[in-house]
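Encoded as structure tokens, the structure appears first; notes follow it.
First listed ligand is number 1; within each ligand, the first listed atom is number 1.
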Amino acid sequence: MAVIVDVFPARQDNYGYLIHDEATGRTAALDAPDAAAIRAALRMRSWTLSDIFITHHHLDHVEGIGELKAAFGCRVVGPRDEADKIDGLDELVGDGDRVMLGETTFDIIATPGHTLGHIVYHDPKGGHLFSADALFSLGVGRMFEGTPGPMWAGLERLRALPDETLVYCGHEYTESNAKFALSVDPDNTVLQARAAEVRALRVAGKPTIPFALGEDKQANPFLRADAPEVARHYGLEGHPAADVFAATRKGKDNF
Ligand code: ZN
Ligand code: FE
């Protein structure tokens, strides 16, 4: 058996996710953006919360922990490197660790940059990646705490996951990401097609999440820092990919 993923909007532009292990009925909230939205999603599915998996310390990912823990007595797993910044963690994990949700195994991958201790949760068997603010559709999180080298290295590890992987990220930023991506890499036909699809989804009021990692590898300029087209855009041909990544991140900040 596998997991069922329930996707719902939370706060302004966050996504909330419930991950339900079919074999055991255990249900995890991926981050805790908004206790009320998570409780409503649980009621709709008639699930009860057993776990919370936290990715990083930002308020829009942890604010609901206290209320949910009080209501459900759930286990809260989170990044060891940010334990001092997050209240209510029961279990601390870091790169290479594994977390079980019933019969489903999640591999923890460190993705420093947006925050220094940011982690993502990967279900290799089901092909799900919960990337929070490390990797968005056609973009990446703002580099608040990290430096380009380690941030690029973390993204390279996500890029090495199978193409069929479905990515569930922390925010609905895809449309603005697409505009920036097209400014960097205008002749990329995979990107053009994805941008058109995203526009249609948003016009119809639909989420652009989850997205296929394989397509994002070809369309997301932040995953293409070693592609000559992206390097050329910044006049950095022949430079290390981390330098191109840094220029792209800076370009997006000022876009
Ligand atoms: Zn964040
Ligand atoms: Fe966020």
**Ring centroid separation F53 to F106 under 6.0 Å** = yes
**Asked** What closest approach, in Å, do F144 and H58 show between heavy atoms, and which atom pair accounts for it?
**Response** CD1-CE1, 3.7 Å
**Asked** Side chains of I119 and T111: closer than 4.5 Å at any heavy-atom pair?
**Response** no
**Message:** Taking backbone and side chain together, does D60 place any N/O/S atom at a distance below 2.8 Å from the Zn ion (ligand 1)?
**Reply:**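 D60 does not place any N, O or S atom closer than 2.8 Å to the Zn ion (ligand 1).
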**Asked** Is H61 close enough that one of its N/O/S atoms sits under 2.8 Å from the Zn ion (ligand 1)?
**Response** no
Please find the N/O/S atom of [X] nearest to the Zn ion (ligand 1) and write down its name.
X	result
H114	NE2
D133	OD2
H58	ND1

**Message:** Quick check for you: with the Fe ion (ligand 2) as the vertex, what angle do OD2 of D60 and NE2 of H61 span, to 10°?
**Reply:**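 If I round to 10°, I get 90°.
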**Message:** Need one value: angle at the Fe ion (ligand 2), H171 atom NE2 versus D133 atom OD2, rounded to 10 degrees.
**Reply:**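 It rounds to 110°.
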**Item:** side chain to side chain contact (heavy atoms under 4.5 Å, CB included) between L30 and Y121, worked out
**Value:** CA-CA 9 Å; L30 193 287; Y121 293 79; 4.0 Å; yes
**Asked** Should the heavy atoms of other residues, nucleotides or ligands under 6.0 Å from CG of D90 be counted, would the total exceed 12?
**Response**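 Count over threshold, so yes.
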**Message:** Within the supplied structure, the quantity of interest is the number of heavy atoms (other residues, nucleotides, ligands) at a distance under 6.0 Å from M100 CE; does it exceed 12?
**Reply:** yes
